[in-house]
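Since the structure comes first, as structure tokens, the remarks are kept for the end.
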There are 4 protein chains.
Amino acid sequence: MSVTAGILGTVAALRATVAELHGELTRNDLVSWTAGNVSARVPGEDLMVIKPSGVSYDALSAETMVVTDLHGVLVEGELAPSSDTAAHAYVYRHLAHVGGIVHTHSTYATAWAARGEPIPCVLTMIADEFGGEIPVGPFALIGDDSIGRGIVETLRACRSSAVLMRGHGPFTVGTDARAAVKSAVLLEDVARTVHIAHQLGTPPPLRQDDVDRLHARYRNVYGQH
Amino acid sequence: MSVTAGILGTVAALRATVAELHGELTRNDLVSWTAGNVSARVPGEDLMVIKPSGVSYDALSAETMVVTDLHGVLVEGELAPSSDTAAHAYVYRHLAHVGGIVHTHSTYATAWAARGEPIPCVLTMIADEFGGEIPVGPFALIGDDSIGRGIVETLRACRSSAVLMRGHGPFTVGTDARAAVKSAVLLEDVARTVHIAHQLGTPPPLRQDDVDRLHARYRNVYGQH
Amino acid sequence: MSVTAGILGTVAALRATVAELHGELTRNDLVSWTAGNVSARVPGEDLMVIKPSGVSYDALSAETMVVTDLHGVLVEGELAPSSDTAAHAYVYRHLAHVGGIVHTHSTYATAWAARGEPIPCVLTMIADEFGGEIPVGPFALIGDDSIGRGIVETLRACRSSAVLMRGHGPFTVGTDARAAVKSAVLLEDVARTVHIAHQLGTPPPLRQDDVDRLHARYRNVYGQH
Amino acid sequence: MSVTAGILGTVAALRATVAELHGELTRNDLVSWTAGNVSARVPGEDLMVIKPSGVSYDALSAETMVVTDLHGVLVEGELAPSSDTAAHAYVYRHLAHVGGIVHTHSTYATAWAARGEPIPCVLTMIADEFGGEIPVGPFALIGDDSIGRGIVETLRACRSSAVLMRGHGPFTVGTDARAAVKSAVLLEDVARTVHIAHQLGTPPPLRQDDVDRLHARYRNVYGQH
């Protein structure tokens with residue numbers, strides 16, 4: 001399989017977008033060194049654009065991004081794809097509405113993941129963006145489909161765009177790569193705020209009907225239409 | 001209603017000021033992604049300048065700011081106003097001395113808001129700027145006057161320029177937009193310091209007469225006159 | 001009293017140094033908004049250079065600094081001196097070896113000050129720079145010599161270059177303004193590290209003879225000679 | 001002993017590399033003021049390149065770096081070498097595989113060191129990079145071989161590239177200076193995340209066979225080959 005002429009422009013644009021979005025990971029302090037990655041599905045194709053493995057964020061550019069098929073096989077690019085490529089590919093194969101995926105080890109989200117505790121829905125921002133508590137996925141080793149399967153099964157059971165993989169760190173999804181990055185940024189924000197709130201007491205969860213109303217309004221009213 | 005010729009210059013200047021003050025929100029780490037907004041009352045008019053909804057902080061400029069009346073109806077500008085416009089408008093209608101309003105989800109202030117606990121007056125800086133403990137306002141859903149009413153009722157009962165809206169986040173006010181931003185910055189600063197002080201013990205509150213003297217001095221002596 | 005011809009060059013150089021050192025306060029996250037100040041004694045004169053009151057850090061320059069005598073009376077400059085000028089002046093009058101003073105409300109140092117607890121000497125860096133635990137000074141209101149007296153009495157009783165003023169925040173001193181800024185930076189660093197160490201247990205203090213040896217070595221061997 | 005003609009180019013390149021890597025210490029918030037240093041072994045020679053003592057990070061350049069032999073005796077350079085030179089030299093003499101060393105007082109790693117507690121292996125990132133829990137070394141005074149000996153004995157007993165020197169701070173090693181800096185960055189990252197995880201509970205350690213598999217995979221598969 002290779003990149004056909006008809007989608008060359010789309011892939012080129014996605015390479016630039018995905019490279020640029022890695023800048024949001026560093027700017028928002030979500031990643032250390034080279035640990036974290038963004039990918040985007042090529043719309044209508046069984047292809048994705050993803051970060052190469054172990055490359056410094058400063059050295060990332062549209063040119064260094066790689067293209068793989070949805071089984072993680074390299075289709076275009078000089079470098080080996082991210083070691084998390086199999087997990088991204090599995091999610092794209094099984095969740096048709098997902099157009100972008102982000103993986104980080106952002107501090108506070110990873111701390112909840114280390115304890116295997118979901119982040120309770122105690123703030124309007126959590127209801128808005130995640131539609132309820134942010135769930136924990138299973139502990140899974142890298143190397144086969146275990147991580148991807150854990151992400152998909154956890155996300156299918158809720159409205160959240162984020163999952164805290166136990167003992168590992170968060171994955172977030174969105175309709176495109178920018179939406180997945182937004183989810184990763186807001187996830188760390190609420191993971192930190194709720195952690196800090198819990199240090200001196202137990203904030204009460206929002207009522208379920210309030211959560212439902214907030215989430216519905218946010219998806220339909222917020223932003224420019 | 002429209003912007004009349006006589007106030008065109010004032011509105012243009014406020015658009016630039018409000019756009020620039022959003023830069024202080026990011027510079028002081030008070031906001032994530034697009035969550036947070038600044039507004040300014042147009043002096044002597046039933047108008048305000050406010051951030052558009054869901055627009056990235058990098059894309060904010062004098063031109064992208066919008067002007068609404070004090071019921072949140074768009075008067076000038078291409079974009080939809082912030083989803084918090086109704087709350088800002090309510091405050092301007094009911095508190096005549098308020099010339100600027102800021103809303104953020106800054107981490108430590110929001111953590112106190114999540115637990116619904118006021119920030120006790122244990123530091124001279126809190127006495128100086130807030131004149132006593134920083135109060136909690138009610139939990140209120142977005143969509144009608146509930147948030148605005150909660151802010152106004154809470155601020156009327158104290159000297160504080162900041163209110164912690166329960167389960168949501170802080171609002172601050174000032175005689176102009178810059179003063180409201182200053183309050184938002186110092187609020188997060190003291191919310192963080194007092195949180196950290198409480199992690200290893202309970203700092204004693206200042207005596208009420210010391211609080212009164214500090215607050216009076218700060219309002220009358222500090223700064224350039 | 002006025003600035004005499006013979007020391008014009010010294011004062012001009014100190015204005016530039018003091019203005020520039022305020023940049024270290026923001027760069028090291030020791031201050032919010034306009035809360036914090038650096039001063040320098042004019043060597044051999046009863047004069048000091050200090051920050052003006054309530055001026056934004058971005059607006060500080062050699063020109064905006066002010067010169068006062070050691071009772072805080074303005075000698076040179078357009079702006080009113082810092083509201084903490086009386087405290088700085090008192091310290092210069094009573095501690096002849098002090099050539100520079102810094103005051104901040106840096107977060108972790110202020111949290112120890114809010115509880116009125118000294119920072120125990122549990123790290124080699126504390127022994128090196130502060131020669132023992134970092135002491136607490138009394139609660140004192142602004143407006144007379146109380147703050148200055150509290151600083152001087154506390155510093156005379158120990159080897160520390162830093163004092164945590166109860167319910168207020170830290171003051172640090174040095175042989176010149178740069179040394180006082182260094183002390184302010186390292187103070188916040190160890191205040192934060194020791195706070196964090198205490199969150200999960202109680203780190204043991206260093207032995208007194210080890211503290212003495214480390215402090216003596218640091219003062220005599222470290223750096224370029 | 002002096003730098004011979006044959007290795008002049010190697011030393012010049014290492015000076016530039018070591019100077020530049022100090023920028024990663026500040027960029028990743030691992031150091032305050034001048035406290036922290038990077039060194040590199042000159043391959044095949046009994047020489048190392050290291051930071052000068054007490055010099056500001058802004059003033060570091062290839063030219064200001066110094067070269068010493070592996071007993072810390074100055075061979076090339078104008079300035080006195082870092083006061084930690086003896087510790088670096090001892091490690092190079094006793095651990096042949098080490099090509100780079102980093103010492104910092106990074107906040108969270110130093111907090112674990114203050115309590116004398118190892119960082120448990122509760123995250124895949126710890127298994128990947130450190131191969132198990134991150135160990136504590138003995139308390140040792142500066143001035144002789146005590147620190148170096150403590151580092152070597154601790155690192156020989158495990159797979160970790162980092163050691164937490166009790167009451168002092170971390171040292172990390174790598175096959176070259178860049179690898180040692182990477183270890184220092186990831187050490188602080190996991191020290192912080194595991195600290196935060198422990199604030200609200202006790203995260204379970206990974207199983208030993210999972211740790212082994214993750215560590216083996218990371219060393220053999222990750223990155224570009």
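Just so it is clear, the values below take in all heavy atoms, side chains as well, and ignore hydrogens, waters and symmetry mates. In the text below, chain A, chain B and the rest are named by the order of the sequence lines, each starting its count at 1.
- For the 3.5 Å distance criterion, the side chains of H22(D) and N37(D) fail to qualify, holding no donor opposite an acceptor.
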Checklist entry - Between R41(D) and L70(D), is a side-chain contact (heavy atoms from CB on, under 4.5 Å) present by the stated rule, with each step listed? => result CA-CA 9 Å; R41(D) 185 199 291 269; L70(D) 296 190; 3.9 Å; yes
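- Heavy atoms of D84(D) lying under 4.5 Å from chain C are absent altogether.
- Distance CD/E76(D) to CE/M65(D): 12.5 Å, rounded to 0.5 Å.
- Among L200(C), V185(C), V190(C), L206(C), the residue making the largest number of heavy-atom pairs under 4.5 Å with chain D is L200(C).
- Between the side chain of T172(D) and the backbone N or O of S183(D), no donor-acceptor pair lies under 3.5 Å.
- Using a 4.5 Å cut-off between heavy atoms, L123(C) touches chain D through backbone and side chain atoms alike.
- A distance of 6.5 Å separates CZ in R178(C) from CG in L21(C), rounded to the nearest 0.5 Å.
- Ranked by heavy-atom pairs under 4.5 Å with chain C, the list H198(D), H195(D), M165(D) is led by H195(D).
- Using a 4.5 Å cut-off between heavy atoms, E188(C) does not touch chain D at all.
- Taking the six-membered ring for Trp and the full ring otherwise, the centers of H105(D) and H168(D) sit less than 6.0 Å from each other.
- Comparing D210(C), L214(C), V122(C) by heavy-atom pairs within less than 4.5 Å of chain D, the highest count is held by D210(C).
- Heavy-atom distances place the side chain of L141(D), and not its backbone, under 4.5 Å from chain C.
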